[in-house]
Number of protein chains: 2
Amino acid sequence: MPGSARTPRAPVKITDVAAAAGVAPMTVSRVINTPDRVSAETAARVRAAIERLGYVPNLIAGGLSSRRSRMVAAIVPTIAHPMFAGLVQTFTDAMRRAGYQVMLSLSGYSDDDAAADALLRALLGRRPDALLITGASHSAAARQMLVEAHVPIVEIWDVSPMPIDMLVGFNHAQVGAEVAAFFQAKGHDRFITISADDARALERIEGFIQAVQHAGGTMLGNTVLPAPSTIMEGRRALRDFLPQLTQRTALFCSSDLLAFGAITEAKLHGIAVPEQLAVCGFGNFELSSATEPPFTTVNVEGAEAGSLAANFLLRRLAGEPAREEDRVHVSFRIVERGST
Amino acid sequence: MPGSARTPRAPVKITDVAAAAGVAPMTVSRVINTPDRVSAETAARVRAAIERLGYVPNLIAGGLSSRRSRMVAAIVPTIAHPMFAGLVQTFTDAMRRAGYQVMLSLSGYSDDDAAADALLRALLGRRPDALLITGASHSAAARQMLVEAHVPIVEIWDVSPMPIDMLVGFNHAQVGAEVAAFFQAKGHDRFITISADDARALERIEGFIQAVQHAGGTMLGNTVLPAPSTIMEGRRALRDFLPQLTQRTALFCSSDLLAFGAITEAKLHGIAVPEQLAVCGFGNFELSSATEPPFTTVNVEGAEAGSLAANFLLRRLAGEPAREEDRVHVSFRIVERGST
DNA sequence: TCCGATTATGTTATCGATAACATAGAGAAT
DNA sequence: ATTCTCTATGTTATCGATAACATAATCGGA
């Protein structure tokens with residue numbers, strides 16, 4: 001009799017509840033999943049049994065049978081970034097309200113395809129009903145797995161010419177270009193950048209540099225640091241630029257942490273912000289508005305993105321077909337403060 | 001024939017791979033889970049079939065059969081706090097290396113027992129092989145569920161006289177007391193506190209106040225703010241204390257964000273730090289060391305806690321028995337910087 | 001040369017729930 | 001009164017993998 005020795009300790013299962021309530025297991029299942037298909041008295045009796053026995057339904061078994069795990073996987077590089085933190089929060093709340101558990105994975109900023117593929121495989125093996133994934137560039141293997149999962153997918157944070165399914169992102173190069181235009185409108189023509197080396201940060205900087213050069217401005221320098229960004233790295237990076245800051249210069253940082261570090265270091269060396277050095281960060285961290293003086297940055301509505309992503313997925317999970325409008329750009333805007 | 005209409009699209013399953021490789025399904029399972037029990041040639045053939053068909057094993061089915069989900073659930077209030085961020089990172093890495101997927105849930109700071117219980121039920125329904133949970137005070141229902149899950153559990157962040165199973169935490173009241181002693185050693189006798197209203201923050205403040213009063217110091221005030229803490233709230237809170245800051249005073253904040261806000265605001269009003277106002281934060285956020293001037297805070301080794309917690313769970317998952325040493329206190333220390 | 005130990009693989013019976021179908025009883029419509 | 005619906009519940013056959021047992025093939029040693 002295989003399986004008889006499998007039971008180290010027997011947790012309560014649906015048949016126990018059914019026996020205790022004097023009904024069939026299926027009725028217990030209905031009380032839990034589709035209560036309006038059960039009479040009020042039966043439901044009450046079953047609920048009492050559930051309560052009494054401390055029954056916690058085995059969603060693994062249920063998921064296998066129904067082929068729906070009631071779980072969605074979310075992959076973000078970090079939640080140290082407020083945009084992701086807000087996004088994850090909103091997304092999780094919305095999905096949870098709809099009865100889905102979010103399985104959150106932090107992928108970090110490493111560009112190790114093998115590790116990313118392994119994570120994805122581990123997640124897909126749990127058969128999530130839907131997927132939220134950061135970034136729009138995936139390895140060929142990853143892309144194939146995603147397509148063959150036959151599950152609604154939202155890619156966030158990035159835009160892609162060829163999304164796998166749905167998309168909620170923005171054009172990072174365009175952010176850089178708009179910041180450049182913003183500076184130039186204020187008469188700047190000498191520029192430096194400090195950036196992390198992750199793909200999106202580099203795109204923003206690239207967009208900035210292109211716009212600067214297109215408008216005939218001068219790039220004095222362009223420091224690239226390993227992700228994730230820290231305040232200290234912003235300080236160190238600015239120190240290297242000190243000799244060039246004799247004339248009025250504009251600085252674009254790929255993160256508010258770098259910007260805060262740069263401003264801190266600049267003040268320490270008697271460089272006037274914004275007169276001598278104008279600074280714009282990215283992310284609209286609380287720090288950017290709450291420090292003294294507050295500094296200019298780019299705001300991206302993470303919460304908006306999270307709720308959009310959740311709505312898209314939920315609509316599809318409810319059986320509605322894919323739509324063209326499920327590929328949207330999240331808005332961003334430059335928040336002007338004392339540093340520019 | 002029930003089930004025939006269940007297949008919207010047929011994903012590759014173990015029998016498909018087995019057929020393609022000319023072996024029994026069990027052999028495919030062995031290639032994946034216990035490769036040394038399969039001959040090299042067979043394994044190679046099966047791997048080729050897996051690759052060719054793009055097979056992603058259904059861990060739901062495997063989990064049901066083996067009664068091991070290869071998944072551990074982790075519940076933390078937030079990862080905005082660097083201590084939790086570090087802990088989660090280390091913990092996740094260690095568990096992943098050992099072949100376990102971490103299912104991370106953010107519970108927030110709300111003390112809504114019903115919501116917490118619902119989250120716990122949703123997680124336990126997925127039959128995690130182990131659990132990491134923040135805090136040591138649970139509702140009666142939660143405690144019962146945890147005990148009846150019959151799964152290794154680590155409670156972190158807090159100490160408890162009666163842990164459910166294993167514990168990696170520290171005494172928050174003791175942190176407060178040590179900060180008070182630290183201030184008093186520097187000759188302070190007038191004190192204020194600014195704190196979030198979450199349970200642990202309040203414990204730290206309470207420990208601080210008791211130590212102050214025990215030593216005959218004077219508490220000038222004690223602001224409590226809703227969690228989570230922000231820089232701006234630190235600034236606002238300090239503003240209310242301005243009239244009392246005519247004499248030398250020491251401030252203990254339950255978070256570095258509050259401390260940073262308070263220092264920012266103090267400087268703005270011409271109050272000398274640390275001469276007029278000495279400040280100690282909590283958390284050792286990067287901000288505390290990277291801002292100018294850097295400020296004193298309390299450091300708790302999140303990474304250490306995460307790896308301890310992972311080791312404890314892994315040991316038990318490997319079948320070893322519970323030990324007394326699996327209940328440890330994480331060390332904390334006051335990091336003295338320019339603000340005191 | 002034959003046998004017990006070892007290794008590689010196959011077979012069978014579940015794991016715990018749910019979809020689909022089946023059925024009994026109550027009330028509505030004619 | 002009879003048939004038809006609808007509602008509440010039960011029955012059966014899976015979902016896709018793996019544990020435990022069974023068996024065939026290989027091998028070294030007396």
Side-chain angles (χ1 to χ4, degrees), chain A residues 1-19 21-46 49-50 53 55-71 124-127 129, chain B residues 1-19 21-46 49-50 53 55-71 124-127 129:
Chain A
M1 199 201 301
S4 72
R6 287 178 157 200
T7 310
R9 236 156 299 151
V12 180
K13 49 195 183 188
I14 201 169
T15 50
D16 301 327
V17 176
V23 297
M26 194 61 218
T27 300
V28 177
S29 173
R30 289 195 181 100
V31 169
I32 294 167
N33 299 306
T34 52
D36 14 315
R37 308 190 135 204
V38 181
S39 74
E41 311 91 81
T42 308
R45 200 148 33 90
V46 170
I50 288 176
L53 301 180
Y55 172 58
V56 178
N58 186 329
L59 302 179
I60 296 264
L64 178 58
S65 178
S66 68
R67 294 155 149 288
R68 296 183 318 132
S69 60
R70 299 208 143 280
M71 194 199 79
L124 289 178
R126 301 222 138 72
R127 299 294 189 265
D129 291 337
Chain B
M1 200 200 302
S4 72
R6 288 178 157 200
T7 309
R9 233 156 303 153
V12 180
K13 50 194 179 189
I14 200 168
T15 51
D16 302 327
V17 175
V23 297
M26 194 60 218
T27 300
V28 177
S29 173
R30 288 195 182 101
V31 170
I32 294 167
N33 300 305
T34 54
D36 16 315
R37 307 191 138 204
V38 181
S39 75
E41 312 89 82
T42 308
R45 200 147 32 92
V46 169
I50 288 176
L53 300 180
Y55 173 57
V56 178
N58 186 329
L59 301 179
I60 296 263
L64 178 59
S65 178
S66 68
R67 293 155 151 288
R68 296 183 316 134
S69 60
R70 299 210 142 279
M71 192 199 82
L124 289 179
R126 301 221 138 74
R127 298 295 188 266
D129 290 337

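Rounded to whole Å, atom P of D/dG10 lies 12 Å from atom CD1 of A/Ile14. For A/Asn58 and C/dT14, the CG to P distance is 18 Å, given to the nearest whole Å. Rounded to whole Å, the distance from CG on A/Asn33 to C1' on C/dA19 is 12 Å. Rounding to whole angstrom units, CZ of residue B/Arg67 and P of D/dA19 are separated by 12 Å.
The side chain of B/Ser39 lies closest to C/dA8, out of C/dA17, D/dT18, C/dA8.
Between B/Thr15 and the phosphate of D/dG16, there is no side-chain N or O to OP1/OP2 separation shorter than 4.0 Å.
Taken residue by residue, residues 21-30 of chain B places heavy atoms nearer than 4.0 Å to DNA chain D at B/Met26, B/Ser29, B/Arg30.
Within the 4.5 Å cutoff, no side-chain heavy atoms of B/Val38 are placed close to those of B/Val46. The shortest side-chain heavy-atom distance between B/Asn58 and A/Arg127 falls under the 4.5 Å cut-off.
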Please tabulate the protein-to-nucleotide N/O contacts below 3.5 Å involving nucleotides 23-27 of chain C, giving atom names and distances.
none

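Scored by the side-chain hydrogen bond (donor to acceptor under 3.5 Å, both in side chains) test, B/Thr15 finds no partners at all (sequence neighbours excluded).
A distance-only check finds no donor-acceptor pair linking the side chain of B/Thr27 to the backbone of B/Val23 [under 3.5 Å].
Between B/Thr42 and A/Ile60, the residue anchored nearer the 5' end of DNA chain C, judged by the nucleotide with its closest heavy atom, is B/Thr42. Of the two residues contacting DNA chain D, namely A/Arg45 and B/Arg68, the nearest-nucleotide position lying further toward the 5' end is that of A/Arg45.
Side chain A/Ser66 to base C/dT18: no donor-acceptor pair is found below 3.5 Å.
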